[in-house]
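For reference, the structure discussed in these notes is given below.
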Amino acid sequence: MYWNGGWAWMTFMPLLWIALIVLAVWAVIRLTHATTGGNSHRGHGWASDEPRETPEEILDRRYASGEIDTDAYTEARERLAAHRPRPR
């Protein structure tokens, strides 16, 4: 008397749980991406609205913060200038 349609529930319940887990994972990813402003994946191939820094800007920032000394800065600037593609 109680087992009418029991096979249908046995098939449906795992699908329901899979759908709920997928929905929860999607929601967590969506919410964490929205709260970080989308910048947490910069440099990993994800699209960003902010323009990327040029190599020269990165070098200038590192020199200004004291990460590199004047000799390293000058050498890196010369290398960047030598490898920079020429405009057509």
Side-chain angles (χ1 to χ4, degrees):
M1 170 166 101
Y2 294 105
W3 294 102
N4 292 339
W7 62 271
W9 280 108
M10 289 177 61
T11 304
F12 178 68
M13 287 306 288
L15 295 176
L16 177 67
W17 279 108
I18 291 171
L20 287 174
I21 291 170
V22 167
L23 180 65
V25 169
W26 174 83
V28 167
I29 291 172
R30 183 77 176 202
L31 290 173
T32 57
H33 187 68
T35 58
T36 59
N39 292 332
S40 63
H41 303 292
R42 177 191 250 179
H44 296 285
W46 290 39
S48 175
D49 292 338
E50 294 182 19
R52 295 182 60 181
E53 283 184 299
T54 65
E56 288 83 2
E57 290 171 338
I58 295 170
L59 185 62
D60 292 343
R61 180 175 41 81
R62 291 186 64 200
Y63 180 64
S65 68
E67 289 182 45
I68 57 175
D69 62 2
T70 305
D71 294 333
Y73 175 79
T74 305
E75 181 182 339
R77 269 292 192 179
E78 290 171 358
R79 286 185 180 184
L80 286 172
H83 291 28
R84 176 68 51 194
R86 291 176 178 36
R88 293 180 182 189

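Keep in mind the model is a prediction, meaning the values are calculated, not measured.
Screening residues 63-74 for salt bridge (charged side-chain N to carboxylate O under 4.0 Å, His left out) gives Arg62-Glu67 as the qualifying pairs, with residues at least two apart or on separate chains.
Taking a 4.5 Å side-chain heavy-atom cut-off between Ile, Leu, Val, Met, Phe, Trp and Tyr, the cluster of Trp26 extends to Leu23. Ile58 shares a hydrophobic cluster with no other residue; no ILVMFWY side chain has heavy atoms under 4.5 Å from its own. Through chains of ILVMFWY side-chain contacts below 4.5 Å, Val22 is grouped with Ile18. Cluster note: Tyr73 groups with Leu59, Tyr63, Ile68, Leu80 through ILVMFWY side-chain heavy atoms spaced under 4.5 Å, whether in direct contact or through intervening members.
Across Glu53 and Glu57, no two heavy atoms sit closer than the pair CA-OE1, 3.3 Å.
Applying the side chain to side chain donor-acceptor pair (under 3.5 Å) criterion to Thr11, with sequence neighbours excluded, gives no partner residue. Not counting sequence neighbours, the partners of Glu75 by the salt bridge (Lys or Arg N to Asp or Glu O under 4.0 Å) test are Arg79. Leu15 pairs by the side-chain contact (heavy atoms from CB on, under 4.5 Å) definition with nothing, not counting sequence neighbours.
Interatomic distance, CZ of Arg77 versus CD of Glu56, reported as 5.5 Å (0.5 Å rounding).
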